[in-house]
Amino acid sequence: MPQMSKVELYAAIRRDHRGGMSMRELERKHGVTWRTVRKALDSSWPEPRKKLPPRATTLDPYKPAIDEILRADLDAPRKQRHTVTRIFHRLVEEHGADVSYGVVRYYVAGRKPEILVESGKAPLEAFVPQTHLPGHEAEVDFGDVTVRLAGELVTCYLFSFRLSYSGKAVHRVFASCGQEAFFEGHVHALRTLGGVPRTKVRYDNLKAAVARVLGQSRGRVEADRWIAFRSHFGIESFYCRPGIEGAHEKGGVEGMIGYFRRNHFVPVPEVSSLAELNEMVEQWDRQDDARRIGSRACRQTAVVARRAAARRLVRAIARRRKGLVAELLGHFGNAASVRARRRAADGSLTTGPRPKTVAEHFALEQPLLMPLPEEPFETDRLFTPRVDRYGQIPVRTNRYSVPIRLIGKRVRVVLHASHLVVYDQNVEVARHERLIAKGAVRPGPGPLPGSPGPQARRLPRLHRTRTGPLGRQVHPSPRRLVGPGPQDSWRAGRHPGLDRGTSAGALSAA
């Protein structure tokens with residue numbers, strides 16, 4: 001049986017005393033002294049335990065000297081202030097102190113902030129409530145989630161795009177949080193919302209968007225593809241401060257990721273593919289549209305109720321005669337709210353408008369968003385690796401298999417956030433889901449490694465090539481693709497599957 005707390009002991013003593021037991025019987029039953037019985041009968045709450053005086057240490061005679069050093073450092077240059085080591089050496093050299101370095105360090109760590117507060121120079125951390133206009137601002141962030149994918153426990157990344165006014169959020173799960181996932185998450189969110197925020201979207205300093213942070217300022221060197229992406233959609237980026245301080249500047253999406261993870265990823269979901277998981281995520285987003293943001297609803301209802309009560313009070317006083325003003329002021333205190341509660345109980349009146357859901361707020365915000373551009377933006381990345389002698393290609397620290405007939409040739413890889421597609425001569429030859437772990441190998445694309453299969457498709461028009469001068473394959477757009485050139489005719493003789501006399505023009509024509 002667990003030991004009874006002191007509060008429970010006092011309650012038991014008082015209960016038995018009300019039952020007619022004497023003080024001596026209470027002492028015997030509960031095994032306490034008469035002083036404890038008297039204290040329990042005098043008060044139902046035990047007295048707080050007296051705090052013991054601090055134990056004396058060998059540092060006590062030198063604490064005033066340390067305090068003087070710390071106070072002098074308040075006006076000293078920033079780079080010429082005392083460290084703990086310097087304070088320790090001064091105590092030994094100037095005062096002959098026989099103390100350890102650990103005792104000095106422990107005292108300075110606790111005393112230094114106290115002296116800073118006593119001097120009035122301590123920085124005060126204050127927060128300003130944010131207000132947002134409909135259709136103007138949004139917040140974006142990634143959060144890691146754990147799922148059981150095809151029977152294996154893996155860590156994926158949850159993309160969240162949240163409108164600041166309505167609280168409407170769109171989520172997507174990706175195998176990585178790279179630039180491809182960053183772009184595809186934006187495209188999916190903007191299509192779902194049906195528009196783009198007008199003023200700014202808040203971001204932290206993720207590598208997909210920021211190449212370098214310029215000191216402690218708001219200046220950032222942005223990635224080139226990110227500049228082109230946000231220029232295409234008309235997104236105005238706003239970057240928060242690095243570290244935990246910047247998290248407070250986009251607290252809406254930070255809290256949204258935690259809410260979504262706690263309410264929809266507990267217990268850990270078990271899926272066979274990321275496509276199946278994202279279908280569940282879209283359904284969860286639709287369910288969350290019916291929720292009400294509590295703090296926002298309470299503030300709105302309280303303000304409306306107070307204003308309505310004040311208006312009714314003014315009208316009542318104006319209607320009454322002069323002799324009833326004092327009576328109204330004395331007895332009307334909460335009469336308006338009492339009358340409103342009575343009518344609400346009868347079903348005839350409520351104390352204020354019903355709090356709006358996220359979907360209702362979004363219905364007001366959606367028409368104010370900027371329209372989406374008509375032309376799509378290619379969010380994928382294009383690579384041209386060479387197939388090694390094992391019939392594999394390296395893509396982002398992982399290796400993927402392709403048909404063995406392509407050994408020694410360059411192929412084109414279109415890398416998406418969750419999968420990649422391999423093309424040879426504008427024809428699809430392999431398709432793989434992206435590997436999550438680093439240094440992993442994806443097995444062969446099909447039962448017949450040398451055959452593309454009946455589902456082979458042609459390369460999208462944007463990535464197709466044409467044969468130019470000297471047999472080199474060139475691309476019609478400004479993006480240049482590496483293809484077979486004159487050097488490939490020399491290398492062709494090193495592979496047994498190719499004729500030594502084959503020219504580059506013949507290779508491109510094949």
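Positions are given from 1 along the sequence.
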> Can you list the steps and then say if Phe183 with Phe229 is a ring-ring contact (aromatic ring centres under 6.0 Å, His included)?
CA-CA 8 Å; Phe183 288 173; Phe229 180 88; 4.5 Å; yes
> Flag the pair Phe174 / Leu274 as yes when at least one side-chain heavy-atom distance between them is below 4.5 Å, and no otherwise.
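Side-chain contact under 4.5 Å: no.
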> Any side-chain donor-acceptor pair under 3.5 Å between His419 and Glu433?
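There is no such pair (donor and acceptor under 3.5 Å, judged by atom type) between the side chains of His419 and Glu433.
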> With Glu180, which of Arg225, Arg396, Arg172 fulfils salt bridge (Lys or Arg N to Asp or Glu O under 4.0 Å)?
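In the set Arg225, Arg396, Arg172, the residue that makes a salt bridge (Lys or Arg N to Asp or Glu O under 4.0 Å) with Glu180 is Arg396.
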> Determine, for Asp60 against Lys63, whether the closest basic-nitrogen to carboxylate-oxygen distance falls under 4.0 angstrom.
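Yes, charged N to carboxylate O under 4.0 Å.
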> Verify the neighbour count for atom CG of Asp42: are there more than 12 heavy atoms of other residues, nucleotides or ligands below 6.0 Å?
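It does: Asp42 CG has more than 12 such atoms within range.
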> Could you tell me the separation between the CD atom of Glu114 and the CG atom of Leu70, rounded to the nearest 0.5 Å?
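So the CD of Glu114 and the CG of Leu70 are separated by 10.5 Å.
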> Can you tell if the side chain of Pro46 reaches within under 4.5 Å of the side chain of Tyr10, non-hydrogen atoms only?
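With C-beta onward as the side chain, the pair touches.
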> Does the pair Thr199 and Phe238 meet the rule for a side chain to side chain contact (heavy atoms under 4.5 Å, CB included), with working shown?
CA-CA 9 Å; Thr199 55; Phe238 177 87; over 6 Å; no
> Suppose we screen for side chain to side chain donor-acceptor pair (under 3.5 Å). Which residues come up paired with Arg218, at least two apart in sequence or across chains?
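Counting only residues at least two positions away or on another chain, Arg218 forms a side chain to side chain donor-acceptor pair (under 3.5 Å) with Glu249.
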> Nearest 0.5 Å please: distance from the OG1 atom of Thr85 over to the CZ atom of Arg105.
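So the OG1 of Thr85 and the CZ of Arg105 are separated by 9.5 Å.
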> Below 4.5 Å, heavy atoms only, C-beta onward: do Val154 and Val147 meet side chain to side chain?
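Counting from C-beta outward, Val154 and Val147 do come under 4.5 Å.
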> Do Lys112 and Asp73 sit within salt-bridge range, that is, some charged N less than 4.0 Å from a carboxylate O?
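Between Asp73 and Lys112 there is no salt bridge, as every charged N stays at least 4.0 Å from the carboxylate O atoms.
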> Given the rule in the side chain to side chain contact (heavy atoms under 4.5 Å, CB included) test, do Ser237 and Lys200 qualify, once you have shown the distances and angles that lead to the verdict?
CA-CA 5 Å; Ser237 57; Lys200 59 186 176 183; over 6 Å; no
> Could you check Phe159 against His171 for ring-ring contact (aromatic ring centres under 6.0 Å, His included), going step by step and ending with a plain yes or no?
CA-CA 5 Å; Phe159 175 87; His171 298 87; 8.7 Å; no
> So is Arg162 actually on top of Phe260's ring, under 6.0 Å and inside 45° of the axis?
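No - Arg162 does not lie over the ring of Phe260 by the 6.0 Å and 45° rule.
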> Are Lys121 and Asp75 close enough for a salt bridge, meaning some N to O gap below 4.0 Å?
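A salt bridge links Lys121 with Asp75.
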> Do Tyr62 and Asp67 have a side chain donor and acceptor closer than 3.5 Å?
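Absent: no donor and acceptor within the cut-off.
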> Quick one: do Glu137 and Arg198 make a salt bridge, cutoff under 4.0 Å?
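Looking at Arg198 together with Glu137, the answer is no, because their closest N to O distance does not fall below 4.0 Å.
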> Is there a side-chain contact between Val7 and Trp45, using heavy atoms and a 4.5 Å cut-off?
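In contact.
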> Spell out, as yes or no, whether a donor-acceptor pair under 3.5 Å connects the side chain of Glu365 to the backbone of Pro134.
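Pair absent, no side-chain N/O of Glu365 close to backbone of Pro134.
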> For Val170 and Ala189, work out which heavy atoms get closest and say how close.
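Nearest pair, atom of Val170 first, then Ala189: CG1-CA, 3.8 Å.
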> If only atom types and distance count, is the side chain of Asp16 paired as donor or acceptor with the main-chain N or O of Met21 below 3.5 Å?
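Looks like no, no N/O pair under 3.5 Å.
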> Hey, is the main chain of His188 close enough, under 3.5 Å, to the side chain of Thr192 for a donor-acceptor pair?
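It does hold such a pair.
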> To the nearest 0.5 Å, how far apart are CG in Leu74 and CZ in Arg71?
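So the gap between those two atoms works out to 8.5 Å.
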> Within this structure, what is the NZ-OG1 distance for the pair Lys39 and Thr33, rounded to the nearest 0.5 Å?
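Rounded to the nearest 0.5 Å, the NZ-OG1 separation comes to 8.0 Å.
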> Okay, side chain of Glu184, backbone of Ala181: is any donor-acceptor separation there less than 3.5 Å?
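The answer is no, because no donor-acceptor pair under 3.5 Å joins these two groups.
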> Got a salt bridge between Arg230 and Glu222, using NZ or NE/NH1/NH2 to carboxylate O under 4.0 Å?
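Judged by the 4.0 Å cut-off on N to carboxylate O distance, Arg230 and Glu222 do form a salt bridge.
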> Grab the two heavy atoms, one from Leu190 and one from Pro197, that are nearest each other, plus how far apart they are.
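In this case the closest contact between Leu190 and Pro197 is CD2-CD, 4.4 Å.
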> Assess whether side chain to side chain contact (heavy atoms under 4.5 Å, CB included) is satisfied between Gln392 and Val387, documenting all intermediate values.
CA-CA 5 Å; Gln392 298 173 354; Val387 183; over 6 Å; no
> Just wondering, more than 12 heavy atoms not from Tyr259 lying within 6.0 Å of its OH?
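Atom OH in Tyr259 is packed in, count exceeds 12.
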> Report yes or no: does Asn398 contribute a side-chain atom to a donor-acceptor pair with the main-chain N or O of Ala440 at less than 3.5 Å?
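The answer is yes, because a donor-acceptor pair under 3.5 Å joins these two groups.
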> What do you reckon, is CZ of Arg111 surrounded by more than 12 foreign heavy atoms closer than 6.0 Å?
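Yes - once you tally the heavy atoms of other residues, nucleotides and ligands closer than 6.0 Å, there are more than 12.
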> Among Val414, Leu420, Val421, find the one that has a side chain to side chain contact (heavy atoms under 4.5 Å, CB included) with Asp380.
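It is Val414; the other options fail the test.
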> Would you indicate whether the side-chain heavy atoms of Leu91 and Val104 approach each other to under 4.5 Å?
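Heavy-atom side-chain distance check passes, below 4.5 Å.
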> Would you mind reporting whether Arg90 and His95 have side-chain heavy atoms less than 4.5 Å apart?
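They are not in contact (no side-chain heavy atoms under 4.5 Å apart), so the answer is no.
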> Using side-chain heavy atoms (C-beta onward) and a distance below 4.5 Å, is Leu206 in contact with Phe142?
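Leu206 reaches Phe142 side chain to side chain.
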> Is the count of non-hydrogen atoms from other residues, nucleotides or ligands lying under 6.0 Å from Gln287 atom CD greater than 12?
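Yes.
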> Would a line drawn from the ring center of Tyr165 to the ring center of His132 be shorter than 6.0 Å?
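No, they do not, as the ring centres are separated by 6.0 Å or more.
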> Is it the case that more than 12 heavy atoms not belonging to Lys207 sit under 6.0 Å from its NZ atom?
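No, because the 6.0 Å sphere around NZ of Lys207 holds 12 heavy atoms or fewer from other groups.
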> Just wondering, are more than 12 heavy atoms of other shown residues or ligands nearer than 6.0 Å to OH in Tyr101?
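Yes, enclosed.
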> Among Phe377, Tyr203, Phe233, whose ring pair (Phe, Tyr, Trp, His ring centres under 6.0 Å) with His186 holds?
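Per the ring pair (Phe, Tyr, Trp, His ring centres under 6.0 Å) rule, the option paired with His186 is Tyr203, out of Phe377, Tyr203, Phe233.
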> Does the side chain of Phe182 come within less than 4.5 Å of Val140's, by heavy atoms?
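Sidechains of Phe182 and Val140: in contact.
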> Please check: side-chain N/O of Glu139 versus main-chain N/O of Gly252, any donor-acceptor pairing under 3.5 Å?
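Checked: pair present.
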> State, to 0.1 Å, how close Leu369 and Leu193 come at their nearest heavy-atom pair, and which atoms those are.
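Distance-wise, the nearest heavy atoms are CD1-O, 4.0 Å.
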> Can you tell whether the side chains of Arg148 and Glu152 come within less than 4.0 Å, N to carboxylate O?
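No, Arg148 and Glu152 are not salt-bridged.
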> Mind running side chain to side chain contact (heavy atoms under 4.5 Å, CB included) on Val395 and Tyr400 for me, showing each step along the way?
CA-CA 7 Å; Val395 180; Tyr400 300 86; 3.9 Å; yes
> Could you report the tightest heavy-atom contact between His432 and Ser401, atom names first, then the distance?
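Looking at all heavy atoms of both residues, the shortest contact is NE2-O, 2.8 Å.
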> State whether Arg24 and Glu27 are salt-bridged, where the test is any N-O pair (Lys NZ or Arg NE/NH1/NH2 against Asp/Glu carboxylate O) under 4.0 Å.
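No, no charged N to carboxylate O under 4.0 Å.
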> Got a donor-acceptor contact below 3.5 angstrom from the Arg261 side chain to the Asp144 backbone?
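Yes; at least one donor-acceptor contact below 3.5 Å.
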> Which pair of heavy atoms, one from Thr146 and one from Val268, lies closest together, and at what distance?
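Where Thr146 meets Val268 most closely, the heavy atoms are O-CG1, 3.4 Å.
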> Donor-acceptor check, side chain of Glu68 to backbone of Ala65, threshold 3.5 angstrom: yes or no?
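Pair absent, no side-chain N/O of Glu68 close to backbone of Ala65.
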> Are Asp288 and His264 linked by a side-chain donor-acceptor pair shorter than 3.5 Å?
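His264 and Asp288 do have a side-chain donor-acceptor pair below 3.5 Å.
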> Heavy atoms only: give me the nearest Ser160-Met256 pair and the separation to one decimal.
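Residues Ser160 and Met256, closest heavy atoms: OG-CG, 4.3 Å.
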> Could you walk me through whether Asp204 and Arg241 pass the salt bridge (Lys or Arg N to Asp or Glu O under 4.0 Å) check?
CA-CA 7 Å; Asp204 53 15; Arg241 292 182 296 170; over 6 Å; no
